Amino acid sequence: MEVKRNILLNPGPATTTHTVKLAQVVPDICPRELEFGKMMEEVCKDLVQFVADYETYECVLFGGSGTAGVEAMLTSVIGEEDCVLIINNGAYGKRMCEICDVYGISYVEYKSSNIEPVNMAKLEEVIASKREILTHIACIHNETTTGLLNDVTSIGQLAKAYQLTFLVDAMSSYAGIPIDMEQMNISYLVASSNKNIQGMAGLSFVIANRDQLVSLKEKKARSFYLNLYAQYDYFVKTKQLRFTPPVQTVYALKQAIEELKRETVEGRYKRYTKSWEVLLEGIEQLGLTYLVEKENQSHIITTIVEPEVEGYSFEEMHQYLYDRGYTIYPGKIGEANTFRIANIGAIDEHDIKGFLKELKGYLQTL
């Protein structure tokens with residue numbers, strides 16, 4: 001069965017392999033069957049082992065987008081007497097703050113530039129000034145608003161020094177950038193099935209230090225569906241999720257995991273980096289500029305300043321490229337006119353070269 005291949009240059013869902021697509025074509029099965037439960041258990045173990053040791057960390061699956069996983073993490077981990085410092089340097093750090101606002105979770109917002117690295121000295125000053133109330137710290141690893149890569153290793157060391165529990169949204173870095181949760185002092189990490197792992201949208205997951213996860217039993221639940229400990233405890237006892245999972249998406253994720261094992265996270269990061277290098281070189285040759293300095297970019301997503309020429313329209317450029325098999329994404333920076341190119345998914349440098357050729361074709365129409 002042939003399926004048309006589109007090149008998705010948006011920051012997820014990403015382009016998938018033919019084999020991941022076809023992995024969804026399976027006999028119908030009730031997700032309460034032991035066979036399916038065993039597969040989910042294998043999937044969870046594998047998801048942990050890309051970033052941590054399964055002996056001390058657990059993976060908790062949820063049906064839902066990445067934001068569902070972030071919401072489950074924040075609402076389950078931050079107790080009524082707790083307070084979290086949230087590093088906000090983009091749309092997704094802001095989203096963490098918005099989730100806390102909805103639930104009445106106590107937080108301190110640390111605003112930082114969305115194109116420059118977090119100033120660690122200033123961050124420590126704020127932590128030290130609030131140390132009597134702070135219990136947790138949270139940040140985005142790869143802030144896909146701009147492609148800025150936050151230094152989670154240094155933030156994790158600050159968290160350790162001030163005895164804060166460290167929460168990381170790794171939605172756009174997990175499986176694409178090497179991560180060692182123990183070395184980085186990360187207690188909770190959230191990601192989803194549809195970005196660098198190159199599976200289908202529909203699943204989010206939280207990887208957690210087992211001892212800290214079990215301790216959540218004593219915290220009062222804020223959410224029924226997104227209760228991290230309840231989901232974990234029920235799965236340990238039954239090998240089932242509490243509520244119906246997206247069955248075919250789990251099969252696709254299992255196939256995506258097998259393909260990641262063969263490539264390895266390090267190999268995938270190398271492929272992504274090569275595509276990113278080709279993209280930046282091509283952007284420069286076309287006379288365009290990018291927003292974040294090279295050394296601060298994640299090698300996964302690039303924010304490009306829109307050309308200031310008469311007749312330019314993002315919508316028209318999007319349609320021109322879409323008609324030729326390439327999907328691009330608008331910018332999220334209010335003060336700058338930009339668009340974003342992600343080089344994640346089952347694509348490589350040749351796909352990026354093809355995109356640059358078509359982008360040049362559009363620019364020449366102006």
Side-chain angles (χ1 to χ4, degrees), residues 10-14 16 20 24 31 36 39-52 57-78 91-93 95-96 98-100 102-103 138-144 167-177 179 181 186-209 213 216 221-235 240-257 260 300 342 344-345:
N10 52 287
T16 55
V20 165
Q24 299 174 100
F36 189 76
M39 185 183 71
M40 283 198 295
E41 187 174 37
E42 292 173 6
V43 163
C44 287
K45 184 174 183 179
D46 286 335
L47 290 173
V48 169
Q49 290 182 333
F50 289 125
V51 294
Y57 289 80
E58 290 280 358
C59 175
V60 186
L61 287 174
F62 287 94
S65 69
T67 300
V70 176
E71 191 164 332
M73 179 177 71
L74 290 173
T75 59
S76 299
V77 174
I78 316 300
Y92 298 96
R95 186 173 296 179
M96 280 188 170
E98 291 170 340
I99 291 170
C100 289
V102 168
Y103 286 91
C139 78
I140 313 299
H141 188 188
N142 174 29
E143 179 51 85
T144 50
L167 288 63
V168 174
D169 175 341
M171 213 65 62
S172 297
S173 60
Y174 177 91
I177 298 175
I179 295 170
M181 289 182 64
I186 302 171
S187 295
Y188 297 90
L189 178 147
V190 60
S192 67
S193 58
N194 62 301
K195 291 185 184 278
N196 303 331
I197 203 164
Q198 299 177 185
M200 297 296 176
L203 282 167
S204 60
F205 51 91
V206 178
I207 298 174
N209 176 279
L213 179 59
L216 299 182
R222 285 191 173 91
S223 171
F224 183 68
Y225 184 90
L226 298 174
N227 186 319
L228 191 59
Y229 175 78
Q231 189 85 330
Y232 161 74
D233 186 56
Y234 190 83
F235 188 77
Q240 299 174 14
L241 301 188
R242 291 186 299 149
F243 310 104
T244 307
V247 174
Q248 286 73 22
T249 303
V250 178
Y251 280 102
L253 178 57
K254 184 177 187 298
Q255 176 62 29
I257 286 170
L260 177 58
I300 282 176
I344 66 174

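For clarity, every value in this text was computed on a predicted model and none was experimentally measured.
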Hey, mind stepping through Gln198 and Leu260 against side chain to side chain contact (heavy atoms under 4.5 Å, CB included) and telling me if it holds? CA-CA 8 Å; Gln198 299 177 185; Leu260 177 58; over 6 Å; no
After noting the C-alpha distance and the side-chain angles of Val70 and Tyr92, does the key distance pass the side chain to side chain contact (heavy atoms under 4.5 Å, CB included) rule? CA-CA 10 Å; Val70 176; Tyr92 298 96; over 6 Å; no
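In this view, Phe243 and Phe224, Tyr225 satisfy the ring-ring contact (aromatic ring centres under 6.0 Å, His included) rule, not counting sequence neighbours. Every residue meeting the side-chain contact (heavy atoms from CB on, under 4.5 Å) condition with Ala72, not counting sequence neighbours, appears here in chain and number order: Phe62, Leu226. In this structure Gln24 satisfies the side-chain hydrogen bond (donor to acceptor under 3.5 Å, both in side chains) test with no other residue, sequence neighbours excluded. Partners of Thr75 under the side-chain hydrogen bond (donor to acceptor under 3.5 Å, both in side chains) rule, at least two apart in sequence or in another chain, do not exist in this structure. By the salt bridge (charged side-chain N to carboxylate O under 4.0 Å, His left out) test, Glu41 is found to be paired with Lys239, residues two or more places apart in sequence or in another chain being considered. For Tyr251, the ring-ring contact (aromatic ring centres under 6.0 Å, His included) criterion is met by Phe36, not counting sequence neighbours. Residues passing the side-chain contact (heavy atoms from CB on, under 4.5 Å) test with Asn10, sequence neighbours excluded: Leu8, Pro13, Thr327, Tyr329. Residues passing the side-chain contact (heavy atoms from CB on, under 4.5 Å) test with Ala14, sequence neighbours excluded: Ile344. With sequence neighbours left out, Tyr174 forms a ring-ring contact (aromatic ring centres under 6.0 Å, His included) with Phe205. A search for ring-ring contact (aromatic ring centres under 6.0 Å, His included) contacts involving Tyr229 returns nothing, not counting sequence neighbours. For Ser173, the side-chain hydrogen bond (donor to acceptor under 3.5 Å, both in side chains) criterion is met by His141, not counting sequence neighbours.
Between Ile197 and Ala256 the shortest heavy-atom distance is O-CB, 3.3 Å. What you find for Ala191 and Ala170 is that their closest heavy atoms are CB-O, 4.0 Å. In terms of heavy atoms, Leu213 sits closest to Ala208 at CB-CB, 4.1 Å. Heavy atoms only, all atoms of each residue included: Gly69 and Ser204 are closest at N-OG, 3.3 Å. When all heavy atoms of Gly66 and Ser192 are compared, the pair lying nearest together is CA-CB, 4.1 Å. Residues Ala221 and Asn227 come closest through the heavy atom pair CB-ND2, 3.0 Å.
To the nearest 0.5 Å, atom CZ of residue Arg222 and atom CD1 of residue Ile78 are 8.0 Å apart. Atoms CE and OG, on Met73 and Ser187 in that order, are 10.5 Å from each other to the nearest 0.5 Å. In this structure, CG on Leu74 lies 12.0 Å from CD on Glu98, to the nearest 0.5 angstrom. Taking OH of Tyr188 as the reference point, atom OG of Ser76 lies at 9.0 Å (rounded to 0.5 Å). Atoms CZ and CD, on Arg95 and Glu71 in that order, are 10.5 Å from each other to the nearest 0.5 Å. In this structure, CD1 on Ile207 lies 9.5 Å from CZ on Phe50, to the nearest 0.5 angstrom.
Between the side chain of Gln231 and the main chain of Leu61, a donor-acceptor pair closer than 3.5 Å is present. Checked by atom type and distance alone, the side chain of Ser193 pairs as donor or acceptor with a backbone atom of Met200 at under 3.5 Å. Distance alone, capped at 3.5 Å, is enough to place a donor-acceptor pair between the Asn196 side chain and the Ser172 backbone. Between the side chain of Lys254 and the backbone N or O of Val43 there is no donor-acceptor pair closer than 3.5 Å.
When each of Leu241, Val247, Val250 is paired with Pro31, the side-chain contact (heavy atoms from CB on, under 4.5 Å) condition holds for Val247 and for no other. Applying the side-chain contact (heavy atoms from CB on, under 4.5 Å) test between Leu189 and each of Val206, Leu167, Ile179, Val48 identifies Ile179 as the sole match.
Here side-chain hydrogen bond (donor to acceptor under 3.5 Å, both in side chains) pairs that include residues 42-52, with residues two or more places apart or in two chains, are Asp46-Lys261.
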